[in-house]
Amino acid sequence: MRKVKYILVIAFLIIMSGKLDPVDSSASNHYNEGSASEEENIFYNVANSDEEFATDEWTYDPTVIDEARIERKAEAYAKETGKDVNEVKKSLLESAEKNRALYLAAMDAGVTVTEEEVTDSINEVKEVTHSDEEAEKSLTALLAGYKITEEEYWEKTRPQYRAILIINKYIKNQMEEKKNEGATNGDQELVEEISNEALKNYE
């Protein structure tokens with residue numbers, strides 16, 4: 001469950017942006033007047049602030065870091081959660097830089113995933129999400145905020161899941177290679193080492 005919610009939150013942070021503007025609708029009433037949980041309200045309101053995501057023009061590119069968009073994400077998330085906007089921006093920017101570097105390293109290493117692997121990954125997340133009440137409520141809030149169907153949501157986030165799979169496969173390959181070469185570090189230390197190497201090579 002924790003893994004699935006983490007994936008949902010990461011996808012959510014990648015695509016959210018803009019200012020938080022209340023909307024006059026039954027969904028807004030449900031999520032803003034005490035009948036929904038704090039987490040549901042966060043998912044709904046920040047998603048509702050993102051006018052770009054549901055448009056045909058919006059696409060996810062793992063090789064591009066849009067700092068202006070990251071700043072808008074930070075402002076929206078900080079406003080909804082009460083967190084320090086500079087800390088949120090720093091965290092989002094560092095995450096974007098690391099993921100971009102790892103993705104580019106994976107591309108240069110020839111790492112690929114099949115469309116079947118992407119579909120299987122999404123289906124796995126769907127299955128576990130719908131088997132957990134809290135995760136399902138978070139997803140429902142997200143969909144209400146974006147004003148799109150669940151089918152549209154998974155299709156829009158498909159490029160993100162593809163990028164995540166490619167990065168994970170690259171990290172796994174690099175870890176196996178380092179261990180075969182005699183590395184004795186723990187898995188977390190190896191992941192940090194691999195990430196730092198990618199950041200150094202793809203600044």
Is it possible for you to say whether [X] and [Y] belong to one hydrophobic cluster, with membership spreading through side-chain heavy-atom contacts below 4.5 Å?
X      : Y      : result
Met107 : Ile171 : yes
Leu199 : Ile70  : no
Leu92  : Ile65  : yes
Tyr202 : Ile167 : no
Leu165 : Leu104 : no

Ignoring hydrogens, what is the shortest heavy-atom contact between [X] and [Y]? Give both atom names and the distance.
X      : Y      : result
Ala109 : Tyr170 : CB-CE1, 3.9 Å
Ala106 : Ile166 : CB-CG2, 3.6 Å
Pro62  : Ala163 : CB-CB, 4.1 Å
Phe43  : Ala141 : CB-CB, 4.0 Å
Ser138 : Glu39  : OG-OE1, 2.9 Å
Ala183 : Leu190 : CB-CD2, 4.1 Å

With rounding to the nearest 0.5 Å, note down the distance linking [atom1] in [X] to [atom2] in [Y].
X      : Y      : atom1 : atom2 : result
Asn185 : Ile194 : CG    : CD1   : 10.0 Å
Ile42  : Leu142 : CD1   : CG    : 12.5 Å
Tyr146 : Glu152 : OH    : CD    : 13.0 Å
Thr119 : Arg162 : OG1   : CZ    : 9.0 Å
Trp154 : Thr149 : CH2   : OG1   : 12.0 Å

Using only atom types and a distance under 3.5 Å, with no angle test, would you say the side chain of [X] pairs donor to acceptor with the backbone of [Y]?
X      : Y      : result
Arg158 : Glu115 : yes
Ser131 : Val128 : yes
Thr157 : Gln160 : no
Lys169 : Thr112 : yes

Exercise. Is there a side chain to side chain contact (heavy atoms under 4.5 Å, CB included) between Arg100 and Val64 once you walk through the steps?
Worked result: CA-CA 7 Å; Arg100 174 184 176 276; Val64 174; over 6 Å; no
Exercise. Counting only heavy atoms not in Glu67, do more than 12 sit closer than 6.0 Å to its CD atom?
Worked result: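 Result for CD/Glu67: open.
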Is any side-chain heavy atom of [X] less than 4.5 Å from a side-chain heavy atom of [Y]?
X      : Y      : result
Thr140 : Glu40  : no
Lys126 : Leu139 : no
Leu93  : Glu97  : yes
Val125 : Tyr161 : yes
Ser195 : Leu102 : yes

Problem set entry | Electrostatic pair Lys137-Glu133, nearest N-O below 4.0 angstrom |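 Looking at Lys137 and Glu133, the cut-off is met.
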Problem set entry | Pairs involving residues 172-189, ordered by first then second residue, that meet salt bridge (charged side-chain N to carboxylate O under 4.0 Å, His left out) (sequence neighbours left out) |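 Applying salt bridge (charged side-chain N to carboxylate O under 4.0 Å, His left out) to every pair that reaches into residues 172-189, excluding sequence neighbours, yields Lys178-Glu193, Lys178-Glu197, Lys179-Asp187.
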